[in-house]
Amino acid sequence: MGETKVIRIEDVSEFVGQTVKIGVWLRQKRGSGKIAFLQLRDGTGFMQGVVSVGDVDEATFKLAEHLKQESSFYVTGEIHRDSRSEFGFEMAVSNIEIVGESEDYPITPKEHGTDFLFDERHLYLRHQKPFATMKIRDEIIRAIYDFFHKDGFLKLDSPIITDSAPEGTTELFPVKYFDKDAYLSQTGQLYAEAGAMAFGKVYDFGPTFRAEKSSTRRHLTEFWMIDAEMAWMHQEDSLKVQERFIAYLIERVVDNCQVELKMLGRDVEKLRAYTKLPYPRISYDDAVKLLQDNDFKIEWGVDFGSPEETFLAKRFNSPFFVVNFPKAIKAFYMKRHPSRDDVVISADMLAPEGYGEIIGGSERDTDYDYLKQQIISQHLDLSEYSWYLDLRKYGTVPHSGFGLGLERLIRFIAGEDHIRETIPFPRTLNRLHP
């Protein structure tokens, strides 16, 4: 007889009726004097193992009874279908081989406070909720690469250490770069614009940093951004790319993460409805008037906060765009509106259900003299932007782009209450450990 095949939990459906071996950790256990139910995990999924007195020797049954939470072992047994299980399968255990014992695992099967769970984040990642969210994160990341590859984009990595502050200096982390002052990047967008002039359509995807002293459920100090830039493209065509992009990412999660969405209690049909295009658009002007008509104390020219975004989201049953924001509250590189000097050709995509902004974008201004004056008027160092201005000197073309916050998107798709749940080891205003 051949050696028992070692498999993973995610593959058990292919081995019904067969005896296999799986390397697992023990999540929990329960049972009576004659049967023990072991809740198992292996990093690919969760499954129950049933140990019965009549099926194993006395030593194996005693071992099962005395297993501690998060002990690691090889479990051998026959795979059965189980309609009562959410997973649909279970193992009739015949043998257990201990690999690593666990004593006094700190995250016991009871309610724990948020601070405790994130102090123990290195262990909390083993549990079902973060497991499901990280699996969804992984699917979204793979889908991002797939979308851009199929759409003819080149991946162009932007530097993480920069000498300039494209969106202001107050939210930057300074670093010493040998004998010079430098910053951790808050966006790769300007470099992506250079890439678009070389390759037509590019995107970058990497960590970015914002020293914003905010502790809301939407903010991290370290997060992942996707910046896409497209030459020969005006804003309306860019919006079409953005909505196709988001619909594609949602569809991929709905198609490939059904188990994980169920673990998180996410309404799959509601998510599926968010793939219907086109997404609605509302102007900043109309959004402000709508808010004012509903007793919000907001003046034209002010950016929206969480309450305003949540109210607007309730008016739409899908992601939607707010277009043409005031020039004064947007970055210096955004293109001026052709008939108004007080707004720029820009758009934020807001998620429904109150999850807020997930994409910010605009058409980029191509006027060398105007951009130079904008840099000077915002008290930025002109010498640090000389390379950026060169893009307008040597064959400038209409171009547009956008930035997507990965963790904000995950929070929306996974239905998470707080953004700290969406990244393996969150960095927030008050958290730098573990």
Side-chain angles (χ1 to χ4, degrees), residues 132-133 136-137 139-140 143-144 147 151 216-219 226 228 235-296 298 303-325 345-362 402-419 421-422:
T133 306
I136 290 170
R137 179 188 175 100
E139 180 65 32
I140 290 172
I144 287 167
F147 176 87
D151 222 51
T216 78
R217 63 188 58 194
R218 297 182 182 182
H219 287 89
I226 300 95
Q235 175 74 339
E236 183 56 35
D237 287 328
S238 175
L239 296 186
K240 291 176 182 177
V241 173
Q242 293 172 46
E243 63 188 4
R244 283 195 298 109
F245 182 40
I246 296 302
Y248 178 80
L249 299 183
I250 294 172
E251 186 174 36
R252 278 283 295 266
V253 173
V254 168
D255 288 346
N256 298 323
C257 298
Q258 294 269 334
V259 172
E260 290 78 15
L261 291 169
K262 189 173 183 179
M263 285 181 184
L264 296 170
R266 194 64 166 120
D267 186 333
V268 174
E269 292 310 310
K270 182 179 284 188
L271 283 176
R272 201 184 302 276
Y274 299 153
T275 65
K276 184 179 179 180
L277 301 180
Y279 292 157
R281 291 142 168 75
I282 182 173
S283 70
Y284 173 86
D285 294 346
D286 289 343
V288 168
K289 185 176 187 308
L290 182 60
L291 290 163
Q292 290 173 340
D293 290 346
N294 285 273
D295 301 323
F296 280 83
I298 184 172
D303 207 355
F304 302 136
S306 178
E308 290 81 12
E309 288 182 347
T310 299
F311 174 83
L312 293 171
K314 290 178 179 177
R315 295 295 176 121
F316 302 96
N317 293 318
S318 73
F320 65 99
F321 292 103
V322 179
V323 303
N324 298 339
F325 280 81
I345 304 174
S346 57
D348 287 353
M349 184 191 291
L350 274 60
E353 304 176 63
Y355 286 101
E357 179 193 343
I358 51 177
I359 287 182
S362 73
F402 62 90
L404 167 70
L406 175 65
E407 285 77 18
R408 288 192 175 193
L409 179 68
I410 296 167
R411 178 175 173 250
F412 156 52
I413 294 178
E416 291 285 8
D417 183 57
H418 201 293
I419 199 167
E421 301 280 0
T422 65

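As a basis for the values below, the full set of heavy atoms in this structure was taken, side chains included, without hydrogen atoms, waters or symmetry mates. All values derive from a computational prediction rather than experimental measurement.
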State whether a side-chain donor-acceptor pair under 3.5 Å links Y248 with R244.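 Distance-only check fails for Y248 and R244.
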Considering only NZ, NE, NH1 and NH2 on the basic side and carboxylate oxygens on the acidic side, decide whether D293 and K289 come within less than 4.0 Å.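 Looking at D293 and K289, the cut-off is met.
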Note, [X] side chain near [Y] side chain (heavy atom, < 4.5 Å):
X    : Y    : answer
F304 : V322 : yes
I246 : Y274 : no
E139 : E260 : no

[X] to [Y] - nearest heavy-atom pair and separation:
X    : Y    : answer
F147 : V241 : CZ-O, 4.0 Å
A351 : F320 : O-CE2, 4.5 Å
N294 : L290 : ND2-O, 2.8 Å
L277 : E243 : CD2-O, 3.7 Å
R281 : L239 : NH2-CB, 3.5 Å
V253 : I136 : CG1-CG2, 4.0 Å

I'd like to check the salt bridge (Lys or Arg N to Asp or Glu O under 4.0 Å) partners of E309; sequence neighbours left out, ordered by chain and number.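 Checked E309 against salt bridge (Lys or Arg N to Asp or Glu O under 4.0 Å); matches are R218.
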With sequence neighbours left out, what residues match R137 under salt bridge (Lys or Arg N to Asp or Glu O under 4.0 Å)?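 Testing R137 for salt bridge (Lys or Arg N to Asp or Glu O under 4.0 Å), a comparison that skips the adjacent residues, returns E407.
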As an exercise, state the distance from [atom1] of [X] to [atom2] of [Y], rounded to the nearest 0.5 Å.
X    : Y    : atom1 : atom2 : result
L261 : L271 : CG    : CG    : 6.0 Å
E357 : L409 : CD    : CG    : 12.5 Å
D267 : E353 : CG    : CD    : 8.0 Å
D348 : L312 : CG    : CG    : 11.0 Å
C257 : K262 : SG    : NZ    : 15.0 Å
D255 : I250 : CG    : CD1   : 12.0 Å

Checking side chain to side chain contact (heavy atoms under 4.5 Å, CB included) for the pair Y284/N324: CA distance, chi angles, key distance, verdict? CA-CA 6 Å; Y284 173 86; N324 298 339; 5.5 Å; no
Examine distances only and state if a side-chain atom of [X] and a backbone atom of [Y] form a donor-acceptor pair shorter than 3.5 Å.
X    : Y    : result
Y355 : I413 : no
R411 : D417 : yes
Q258 : V254 : yes

Sequence neighbours left out, what pairs pass side-chain hydrogen bond (donor to acceptor under 3.5 Å, both in side chains) with at least one residue falling in residues 310-321?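 Checked against side-chain hydrogen bond (donor to acceptor under 3.5 Å, both in side chains) - neighbours excluded - no pair reaches residues 310-321.
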H219 vs R408, side chain to side chain contact (heavy atoms under 4.5 Å, CB included): CA-CA, chis, key distance, verdict: CA-CA 9 Å; H219 287 89; R408 288 192 175 193; 3.9 Å; yes
In terms of relative ring orientation, are F321 and Y279 parallel, tilted or perpendicular, with 30° and 60° separating the classes?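 Because their plane-to-plane angle lies in the 30° to 60° range, the rings of F321 and Y279 count as tilted.
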Considering the options S283, S362, S346, which one meets the side chain to side chain contact (heavy atoms under 4.5 Å, CB included) requirement together with F325?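 Only match with F325 under side chain to side chain contact (heavy atoms under 4.5 Å, CB included): S346.
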Side chain to side chain contact (heavy atoms under 4.5 Å, CB included) for T133 and M263? Distances and angles first, verdict last. CA-CA 9 Å; T133 306; M263 285 181 184; over 6 Å; no
Stepwise, does the side chain to side chain contact (heavy atoms under 4.5 Å, CB included) test hold for I298 with Q292? CA-CA 6 Å; I298 184 172; Q292 290 173 340; 4.1 Å; yes
